[in-house]
Amino acid sequence: MELGKTFDPKQHEAAIYGAWEKSGGFAPRPPGADSLGPFTIMIPPPNVTGVLHMGHALNNTIQDIVIRHRRMQGYEALWLPGTDHAGIATQAVVEKKLLKEQGKKREALGREAFVAEIWKWKEEHGTAILEQLRRLGASCDWSRTRFTLEAGMSEAVRESFVRLWEKGLIYRGARLVNWDCVLETAVSDDEIEMVTRKDKLYFLRYPVEGQTGRTVSVATTRPETMVGDTGVAVHPQDERYRDLVGKFLTLPLIGRRIPVVADESVERKFGTGAVKITPGHDPADYERGQRFHLPIVSVLTKDGKLNEEGGPFAGMPREKARTAILAALEEQGLLEKTEELEHNVPLSDRSKSIIEPMVSEQWFVKMAPLAGPAIEAVRSGQLRFVPERWTKVYLDWLLNVRDWCISRQLWWGHRIPVWYDEDSVPFASRTDLAIGSPHPITKKPIVRQDEDVLDTWASSYLWPFATLGWPAKSEDLARFYPTQFLSTARDIIYLWVARMVMAGYEFIDPKTVQAAKNGADVRCPFSVVNIHATVLDAQGRRMSKSLGNGIDPIEMIEKYGADAVRLSLILLTNEGQDVKLSPDRFDQGYRFANKVWNATRFVLANLDGGNPEVSRDPAAFDTLEDQWIVTRRNVTLANVSKALDEYRFNDAASELYAFIWNDFCDWYLELAKGRFTDSATDSARTARGVLASVLSDTLAMLHPFMPFLSEVLWEALGEKLARKQPLLMNTRWPSSKDAALGGSWMQSMETIQTLVRAVRNVRALTMLGERTPLAATIVAKDGADRQVLTQHQNTCKTIAFLSEITVAESASRPPASAVAVAGTIEVIVQLTSDVDLSKLKEVLEKRLAKGKSGIEALERKLSNAAFVEKADPGIVAGERARLQEIRVENELIARNLAGM
RNA sequence: GGGCGAUUAACUCAGCGGCUAGAGUGCCUCCCCUACACGGAGGAAGUCGUGGGUUCGAAUCCCUCAUCGCCCACCA
């Protein structure tokens, strides 16, 4: 295979991905002697209506890194994909389409036909987001793709519902729920968003019964709800109203007699200190109403109009009713005044319309009994959040958990498996009950099934095991449950993560899953929850559709390639810290991809037929740079492995990046060039072996991060090395177990690097050409340095383009010379012509000043008895050595400056 | 109101008790040399948000304040 001069992702991605899928490498490897056991990740199922955004791109990159790493290590790695039916969102999309294309509302179609329409839409468009995940390189086992509304999931949903029902954890009741008047459904507390906006506070006068002319003013932001008022509350200690408690007021416009009650919850300082009580349309009033047994009057219809309770205003939409009611009150002199007010309005996450609290019959799940084990799971360490701080968020919610409203007035979703007889006695059943069949308890005929469907989360909270076949005792369930890793966004810790944990503890029978490892509770659905960074735009705002500030990952993949997008995201996000992103940030990933591409091209160009397998032990080599790069490879391998094991993706990627660019490319490849001038030598042969070995391991380490690039290059390298298997799964993660991590060669190489940099420094500052041959005298006080430099003087000569090297313990600088000082090493360069030393002087002066302040700081520190006494002896010794070094360096600089 | 996070180079971020505080981008100078100009070499650039405290020692730990962001709660 010929590699072009630059990496062109488009040329490879589709083909590579196709080959991976065809190879079956995304499926978990079969159990066997060499297997490390199962390792499972369940994808957070994106909405079927979804489009891949940057958050998905980041999250799925993270999951793919983990699963590819585990797969290469030898685990039976399963990453199970799927989508969520997303009740409200999907129904809304199809409703809109229906209205636009056929001008029909869903009611015109009827339930069955409408749901069929949605399925049709799902079949056509429901895989779009999964295709986008493929573009990203996600190595999911597509053969196991699941959907939260498919048959198997329905069975799981029914089983879970009936079990909770049988335990008495499900109840139906009239409660104040959050009503979305646009979508005409209840939504849960977790699906509303409070938005601060400028509003008006209206002061309404309510006449006191039997005291002509006397009124009580109440302040409200929602005057239209006054028709539902059934009381007015004041604070018990409020002198202004004390005499009125127990008396009655006349509700204007309606004429209802409403009592004045005394309640602690009233804030005396706010408004007039008297608050109208509308139990049917306000959560706080609902509670006050309960306390004083006030009647509940519902005044709104499901689509947000005033109902018959609204008297003359019946039938008006809520906004219109407000204006009309205010006008009517004004006319009667009962609108005292209006004030500006900043306050919070609840908006529906879905429709963005104002939520109306409304009393309605809904199904609820009692959460307290389910929360217990989920709390215990993190306390006992079964479950761990990364970063750890999210534990508190999770716990706070669970400790104050409220019952979960699970019914939704939609058509798209799992229909509630409850049937009623003619007396409306409900029964929850695992199997459909035919109309007319006897009610299992009352024996009276069944007349109808509940019309409502379940909240989407009431199916997706079963995701970790329902996807594996539960409630059946399937092989997959036994093998792949519980999972090891979950990565998700912080905003669904309550909606999804916590509920999955509850579900695991509630529904999983330990006997149906694999034997517990080291005493872990196998019911807990995952052991690590990774909460990834939130991707913000360049101004630090959330990326959102309405702002239009999103960066489309697919567009970025088109431009920079999937590998670049993946690596850039990982390099930019650290420990789940929010990240500000602009499109040009992906450049770093692409540049790096190109660097690796070209480094591989160089290696390939120099490999020939005889490329010996070389040792992983640096001591097996006798050339310094070989010993050094093999050691550096081993250290990198150990660090990257450790970081990945600890889910520190950014650390792992940074480590690899630096190794490849700074060590492998900048130094080893440059040094290797010199050895290939005669490719028949032993030195060249060894270099070929080292290049092949180090590059192979490097590509393997890079694979989880940049799968396409590494696979293409691996394949190209494989041609030269008679190696056939794709990197995807047949190669094990290189082992760092018995690799040496240190050695004197690290020190020696550093000395050489120091020298070379010093020479380059002189050349750059004096405008001597980079390659003009120069004669250099190297003055090194340290015997070990002298030995290294003498021994490796040929290497130094080659890479620093020196014609001659003299190593000495001391020497004085002749007039026609330039000098560089690096640590305790001094490099004196003979000059044959006049050069401008001013720039060099300037830099040396700056270094001298900096050194001085360093010396002062260290001297202060070391003359401090307390430091020497209390600090770790190793640190004291280190500081002494450092001081000594800076002193020597500064002396050298000072002496040389004096002669310039 | 309660909680969490952030504040370090022009920009985006690392560093989280002991290096003369780092990286990438940008900037300046030089360089197409048998991988890569999407590159190489060198350089300039920081009172580590403010004010206190703990400590021999603080960018790092504690407290105060400020600014920005997020989450929870919800004075009608």
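- A donor-acceptor contact under 3.5 angstrom links the side-chain atoms of A:Lys595 to the base of B:rC36.
- Donor-acceptor pairing under 3.5 Å, judged by distance alone, is present between the side chain of A:Arg771 and the base of B:rC33.
- Whole-Å rounding puts the A:Lys5 NZ to B:rC32 C1' distance at 9 Å.
- Between B:rA21 and B:rA59, the distance separating the two P atoms is 10 Å to the nearest Å.
- Closest to the A:Ile875 side chain, of the nucleotides B:rU25, B:rA35, B:rG18, is B:rG18.
- For A:Asn574 against B:rC13, a side-chain-to-base donor-acceptor contact under 3.5 Å is absent.
- Screening A:Phe602, A:Phe7, A:Tyr590 against A:Trp597 for a ring-ring contact (aromatic ring centres under 6.0 Å, His included) leaves a single residue, A:Phe7.
- Using the six-membered ring where Trp is involved, A:Tyr560 and A:Phe586 have ring planes that are tilted, between 30° and 60° apart.
- Note on A:Asp578 versus A:Arg490: salt bridge recorded, some NZ/NE/NH1/NH2 to OD/OE distance being below 4.0 Å.
- Rounded to whole Å, the C1' atom of B:rC61 lies 30 Å from the corresponding atom of B:rA45.
- Between A:Trp597 and B:rG39, a side-chain N or O to OP1/OP2 separation shorter than 4.0 Å is absent.
- If you measure from atom CG of A:Leu765 to atom P of B:rA41, you get 15 Å, rounded to the nearest angstrom.
- Of the side-chain N and O atoms in A:Arg757, none sit less than 4.0 angstrom from OP1 or OP2 of B:rA41.
- Comparing B:rU29, B:rG39, B:rU12 by their nearest atom to the side chain of A:Met767 picks out B:rU29.
- Stem analysis of RNA chain B (at least three stacked-register Watson-Crick or G-U pairs, each with both distances under 3.5 Å) gives B:1-7 with B:66-72, B:10-13 with B:22-25, B:27-31 with B:39-43, B:51-53 with B:61-63.
- The phosphate of B:rA45 (OP1 or OP2) has a side-chain N or O of A:Lys846 nearer than 4.0 angstrom.
- B:rG1 sits 12 Å from B:rC65 when the P atoms are compared, rounded to a whole Å.
- Of the candidates A:Trp404, A:Tyr394, A:Trp397, A:Tyr494 forms a ring-ring contact (aromatic ring centres under 6.0 Å, His included) with just one, namely A:Trp397.
- Comparing B:rA10 with B:rC28, their C1' atoms sit 14 Å apart, to the nearest whole Å.
- Among the nucleotides B:rG40, B:rC19, B:rC4, the one closest to any side-chain atom of A:Glu770 is B:rG40.
- With ring centers used as reference points, A:Trp661 lies under 6.0 Å from A:Tyr657.
- The side chain of A:Glu670 lies closest to B:rA35, out of B:rA35, B:rA76, B:rC38.
- When each of B:rA35, B:rG42, B:rG18 is scored by its nearest atom to the side-chain atoms of A:Glu879, the top-ranked nucleotide is B:rG18.
- Here A:Arg760 does not pair with A:Glu770 in a salt bridge; the nearest charged N to carboxylate O distance is not below 4.0 Å.
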- Task: Verify salt bridge (charged side-chain N to carboxylate O under 4.0 Å, His left out) between A:Arg318 and A:Glu356, making sure each step is shown before the conclusion.
- Result: CA-CA 10 Å; A:Arg318 45 192 166 153; A:Glu356 294 293 344; 2.8 Å; yes

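- Nucleotides B:rA73 and B:rC4 place their C1' atoms 15 Å apart, quoted to the nearest Å.
- A salt bridge does not link A:Arg847 to A:Glu845: none of the charged side-chain nitrogens sits closer than 4.0 Å to a carboxylate oxygen.
- Separation of the P atoms belonging to B:rC31 and B:rG22 is 29 Å when rounded to the nearest angstrom.
- Across B:rA9 and B:rG49, the matching P atoms stand 8 Å from one another, rounded to whole Å.
- Across B:rG26, B:rA73, B:rA76, the shortest atom-to-atom separation from the side chain of A:Arg402 is found for B:rA73.
- Distance check on atom P: B:rC36 versus B:rG18 gives 43 Å, rounded to whole Å.
- RNA chain B is contacted by A:Glu267, A:Phe270 of residues 267-274 of chain A, taking any non-hydrogen atom closer than 4.0 Å.
- The A:Arg760 side chain lies nearest to B:rG42 when the options are B:rA35, B:rC4, B:rG42.
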